[in-house]
K.L.:
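One structure, as structure tokens, below. Some questions next.
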Protein chains: 2
Amino acid sequence: MSTISIKDIAAKAQVSTATVSYVINGTRNVSRKTRERVEQVIEEMNYKPNNAAQSLKRRRTNTIGVIAEDVTVFNVPEIIDGINDCADRLDMHILLTNLRLDKRIGRQFDQVDAYRKYAEDAVSELLGKQVDGMIYIGAHPRDLTGLFDTEGKPIVYTYCYTQNDVSIQYDDEQASFEAISYLTNKGHSRIAIISGAVDSMPSRLRLGGFYKAITAFELPFNPQWIKMGDWEAESGYRLAKELLESPEPPTAILAMNDVMAVGVMRAAKELGIQIPDQLSIIGFDNREFSEYVSPSITTMDLPLHEMGYKAMEALSHILQGEQVETGEKPVCKLIERDSVAELAN
Amino acid sequence: MSTISIKDIAAKAQVSTATVSYVINGTRNVSRKTRERVEQVIEEMNYKPNNAAQSLKRRRTNTIGVIAEDVTVFNVPEIIDGINDCADRLDMHILLTNLRLDKRIGRQFDQVDAYRKYAEDAVSELLGKQVDGMIYIGAHPRDLTGLFDTEGKPIVYTYCYTQNDVSIQYDDEQASFEAISYLTNKGHSRIAIISGAVDSMPSRLRLGGFYKAITAFELPFNPQWIKMGDWEAESGYRLAKELLESPEPPTAILAMNDVMAVGVMRAAKELGIQIPDQLSIIGFDNREFSEYVSPSITTMDLPLHEMGYKAMEALSHILQGEQVETGEKPVCKLIERDSVAELAN
DNA sequence: CTGTTAGCGCGTTCAA
DNA sequence: TTGAACGCGCTAACAG
């Protein structure tokens, strides 16, 4: 049974437990002969130090707590994967807490009080487990300042942020700028945008990138081409109809997520407008389905893996007492598919 | 700082550490007055017992290790969610290990030696962490007997299995039987099937359910209607063409996953065959995209959440020394969408 | 430089 | 209700 302790090794190798410990950790010189004998015995008995005991003494667990708002939301698994990727290299482990917010409270992210309790409990448990630090993965980008208190334990946020802690977020402004830039390169100038919910951070930033691009490329500006959606397919459908039936229809639409892009496609189909020949579409998120619908959607891929990786990296720096340089934000990458065409003209 | 120990509480409440421990755990009667005083102090100082110390003494960590072959594969997050759901209720925690197999070795699941090392290391780490047990989540259903040795620690497999351990799997045979049953209810009798890779367990079982249904409903049997795919869209496309161009084309096709179903749709489109009016399609997996393609795909939803939940439940039973009754397998559920039509005739 | 002894970290639990 | 041993590994202090 797995009740082999350092004592058993010491006894069998005819040394003290201290020596065994030194051999395992390389904390001190041990004569070659003794070392080899001890290593031999460890191998034979397949001994693994009890982590609970180590942690107790070392006052660090090499484990970080990851709080995911909901692992089933599309962006989360890839972020976890990034955290894992980095954690593996640092020999850190992950204690995963899944708040299951999507299942428990749906999309009511603004009703903080509905889930504060869940978050507080999670932090409390993790604190009890003596994690060295924490990473919080939001299901939706927003300000979480004051949601809970980690009692001094370092925490890094990703896919959301607070005003006091380190957070890793991708560059929304650059993303929409690049999308517009791509469209202009394809000859488009009459470009409309369908935003997500206006009160959301990414919507505002992406709108910022859009304006910036309009200015930079000296595109015609038409306030009618700016529509406020709500992330849902229905809004994409409805607003695309408005756009396409207007006296000055755009030749390209940037939808702030793929779900709305699908709505746009439905609207176009109903109106007998061919995609991409008569209308180009760019989405956001690179959701799985964007590759399977027809035509497949050209979309901005979110650097989720990188965000997870950087979050872990940042946390590790904090744990080592280093300063975290808030380097460049991870950037989105355009995935070219079949929903954008060169403008004939 | 978080260096508050049981001693601090004991001192401040003027009792021994033993009493504090009894209060916390309710292990023994403590006079009301003392109890309340102690509770008060714990509250005030916001004390949380050090889990490392508890585990060391109790010889159980209330933590299980979850080994996921790849958290970014579509079925895995929902299974983790199910595990979490159950673990929450049992007050257990999850130490997540992500093998990242999809990233590291791709789909070469048959090349066991390519990933044995990763799996062994994961188990070894988890063993060192003193997890009470483990759950292994496969990315693809298959026999994993002999992949590694848990040294007596209980393990439950889900979405894959071994010949020696408890495993939780959904009922493949029932699923395809139900799909065929649904099609016959809609008036179809000329039903074709496109399987996944033949050497895979689910392919075989679903084929079994198909034959069973053919017999039960006395459908015409035509070996030409049974095609062997490989799970990829291209095979769905190619085999659907064969089926639809044959002298006796089916009126309905059951594809063993949604990806191949999309291939079937592409083939139909190319041949000018309307879906669902001239051809009905059922997929498998209820992938995200199946809802967004048009027409949306009627598909068998996998009971992933339930599998995770049951895996955790089974593990917990084993940990309590109870016998695990291998109850009924979780069943798939048909999601009715727009790719199946009642047969006019 | 190599090896040993002994106390510690923190909570649990038995004997008193 | 309490004192003290204990679980397991680490490490300071000490001895050879």
Side-chain angles (χ1 to χ4, degrees), chain A residues 1-42 45-63 124-125 127-132, chain B residues 1-42 45-63 91 124-125 127-132 151:
Chain A
M1 213 54 224
S2 59
T3 328
I4 308 152
S5 84
I6 200 169
K7 276 187 204 151
D8 302 308
I9 305 298
K12 192 152 185 182
Q14 318 237 44
V15 292
S16 72
T17 62
T19 305
V20 178
S21 178
Y22 291 136
V23 169
I24 291 171
N25 300 301
T27 330
R28 224 167 79 173
N29 265 340
V30 175
S31 78
R32 184 204 196 82
K33 230 164 64 185
T34 328
R35 177 157 41 80
E36 278 171 359
R37 196 169 67 243
V38 172
E39 277 165 352
Q40 167 100 9
V41 176
I42 288 175
M45 305 188 75
N46 190 21
Y47 164 71
K48 295 186 190 66
N50 181 326
N51 237 291
Q54 288 184 322
S55 301
L56 189 56
K57 185 76 197 181
R58 290 184 180 158
R59 298 158 146 278
R60 61 173 293 182
T61 53
N62 267 24
T63 302
S124 184
E125 297 276 13
L127 252 19
K129 281 267 181 201
Q130 313 300 120
V131 294
D132 297 338
Chain B
M1 211 56 224
S2 59
T3 329
I4 308 151
S5 84
I6 199 168
K7 276 187 202 150
D8 302 308
I9 305 298
K12 192 153 184 182
Q14 319 238 44
V15 292
S16 71
T17 62
T19 306
V20 178
S21 177
Y22 291 135
V23 169
I24 291 171
N25 300 302
T27 330
R28 222 145 93 171
N29 266 340
V30 177
S31 82
R32 184 204 194 83
K33 229 162 65 185
T34 331
R35 176 155 44 80
E36 279 170 359
R37 196 170 67 244
V38 172
E39 277 166 352
Q40 168 99 9
V41 175
I42 289 176
M45 306 189 75
N46 191 21
Y47 166 70
K48 294 186 189 66
N50 181 326
N51 238 292
Q54 289 185 321
S55 301
L56 186 57
K57 186 75 198 182
R58 291 185 181 157
R59 300 158 146 279
R60 60 173 294 182
T61 53
N62 266 24
T63 302
D91 196 30
S124 185
E125 296 277 12
L127 252 19
K129 282 267 180 202
Q130 313 301 122
V131 295
D132 296 339
E151 294 168 32

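Reckoned from all heavy atoms, side chains included, excluding hydrogens, waters and symmetry mates. Throughout, a chain's letter reflects where its sequence line sits, starting with A, and its residues are numbered from 1.
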K.L.:
With a cut-off of less than 4.0 Å, is there a side-chain N or O of Ser31(B) near OP1 or OP2 of dT1(D)?
P.N.:
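Checking dT1(D) against Ser31(B), a side-chain N or O does come within under 4.0 Å of OP1 or OP2.
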K.L.:
I'd like to know if the side chain of Ser21(A) and the backbone of Thr17(A) have a donor-acceptor N/O pair within less than 3.5 Å.
P.N.:
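Absent.
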K.L.:
So which one's nearest nucleotide on DNA chain D is more toward 5', Arg35(B) or Thr27(A)?
P.N.:
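So the residue in question is Arg35(B).
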K.L.:
Check every atom of dG7(D), dT2(D), dG9(D) against the side chain of Arg59(B) and return the nucleotide holding the closest atom.
P.N.:
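That would be dG7(D).
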K.L.:
How many Å lie between CZ on Arg58(B) and P on dC6(D), as a whole number?
P.N.:
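My rounded result for the distance is 20 Å.
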K.L.:
What integer distance in Å separates Ile6(B):CD1 from dT12(C):C1'?
P.N.:
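That distance rounds to 8 Å.
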K.L.:
Among the candidates dG9(D), dG7(D), dG3(C), find the nucleotide nearest to the side-chain atoms of Val30(A).
P.N.:
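Selected nucleotide (nearest to the side chain): dG3(C).
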K.L.:
Just how far, in rounded Å, is C1' of dG11(C) from CD of Gln130(A)?
P.N.:
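Atom-to-atom, Gln130(A) to dG11(C), this comes out as 11 Å.
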K.L.:
Given the structure, check if the side chain of Arg28(B) and the base of dT1(D) hold any donor-acceptor pair shorter than 3.5 Å.
P.N.:
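Check passes, donor-acceptor contact within cut-off.
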K.L.:
What integer distance in Å separates Gln54(A):CD from dT11(D):C1'?
P.N.:
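After rounding, the gap between these two atoms is 13 Å.
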K.L.:
So, do Asn50(B) and Leu56(A) sit near enough that their side-chain heavy atoms are less than 4.5 Å apart?
P.N.:
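SC-SC contact between Asn50(B) and Leu56(A) confirmed.
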K.L.:
When you get a sec, tell me which of dC10(D), dA5(D), dT5(C) is the closest nucleotide to the side chain of Ser16(A)?
P.N.:
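Among the listed nucleotides, the one closest to the side chain of Ser16(A) is dT5(C).
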K.L.:
Looking at side-chain heavy atoms only, is the closest gap between Thr63(B) and Lys129(A) below 4.5 Å?
P.N.:
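Counting from C-beta outward, Thr63(B) and Lys129(A) do come under 4.5 Å.
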K.L.:
Within the 4.0 Å heavy-atom criterion, would you say Val20(A) contacts the bases, only the backbone, or no part of the nucleic acid?
P.N.:
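Nothing: the residue Val20(A), judged by heavy atoms under 4.0 Å, touches no strand.
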K.L.:
State whether Asn25(B) places a side-chain N or O below 4.0 Å from either non-bridging phosphate oxygen (OP1 or OP2) of dT12(C).
P.N.:
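Yes, such a contact exists.
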K.L.:
Output the rounded distance in Å from CZ (Arg37(B)) to P (dT1(D)).
P.N.:
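Atom CZ in Arg37(B) sits about 8 Å away from atom P in dT1(D).
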K.L.:
Nearest to the side chain of Asn29(A) - dC10(D), dT2(C), dT4(C)?
P.N.:
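Given the options dC10(D), dT2(C), dT4(C), the side chain of Asn29(A) is closest to dT2(C).
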K.L.:
Provide, to the nearest angstrom, the distance between the NZ atom belonging to Lys7(A) and the P atom belonging to dC6(D).
P.N.:
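In whole Å, dC6(D) P and Lys7(A) NZ are 9 Å from each other.
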K.L.:
Expressed in angstrom and rounded to an integer, what is the separation of Leu56(B) atom CG from dT13(C) atom P?
P.N.:
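Going from Leu56(B) (CG) to dT13(C) (P), I get 12 Å.
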K.L.:
Could you state the atom-to-atom distance from CG of Asn51(A) to P of dG9(D) in whole Å?
P.N.:
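Atom CG in Asn51(A) sits about 10 Å away from atom P in dG9(D).
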K.L.:
Among the candidates dT11(D), dT2(D), dG7(D), find the nucleotide nearest to the side-chain atoms of Ser21(A).
P.N.:
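Of the candidates, dT11(D) comes closest.
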K.L.:
Donor-acceptor pair, Asp132(B) side chain versus Arg60(B) backbone, under 3.5 Å?
P.N.:
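Judged by distance alone, no pair lies under 3.5 Å.
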K.L.:
From the options dG3(C), dG9(D), dT13(C), select the nucleotide whose nearest atom is closest to the side chain of Ala18(B).
P.N.:
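Nearest listed nucleotide: dT13(C).
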K.L.:
Could you tell me if the side chain of Ile6(B) sits less than 4.5 Å from the side chain of Tyr47(B), heavy atoms only?
P.N.:
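A side-chain contact under 4.5 Å exists here.
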K.L.:
Taking atom types as modelled, is there a side-chain donor on Arg58(B) or Asn25(B) under 3.5 Å from an acceptor on the other?
P.N.:
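Per modelled atom types, Arg58(B) and Asn25(B) side chains form a pair under 3.5 Å.
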K.L.:
So Ser5(B), base contact, sugar-phosphate only, or nothing? Heavy-atom distance under 4.0 Å.
P.N.:
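The residue Ser5(B) makes sugar-phosphate contact but no base contact.
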K.L.:
For dT4(C), does OP1 or OP2 lie under 4.0 Å from any side-chain N or O of Thr19(A)?
P.N.:
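For dT4(C), OP1 or OP2 has a side-chain N or O of Thr19(A) closer than 4.0 Å.
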K.L.:
Does Ala53(B) or Tyr22(B) map to a spot on DNA chain C nearer the 5' end, using the closest nucleotide for each?
P.N.:
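The 5'-side residue here is Ala53(B).
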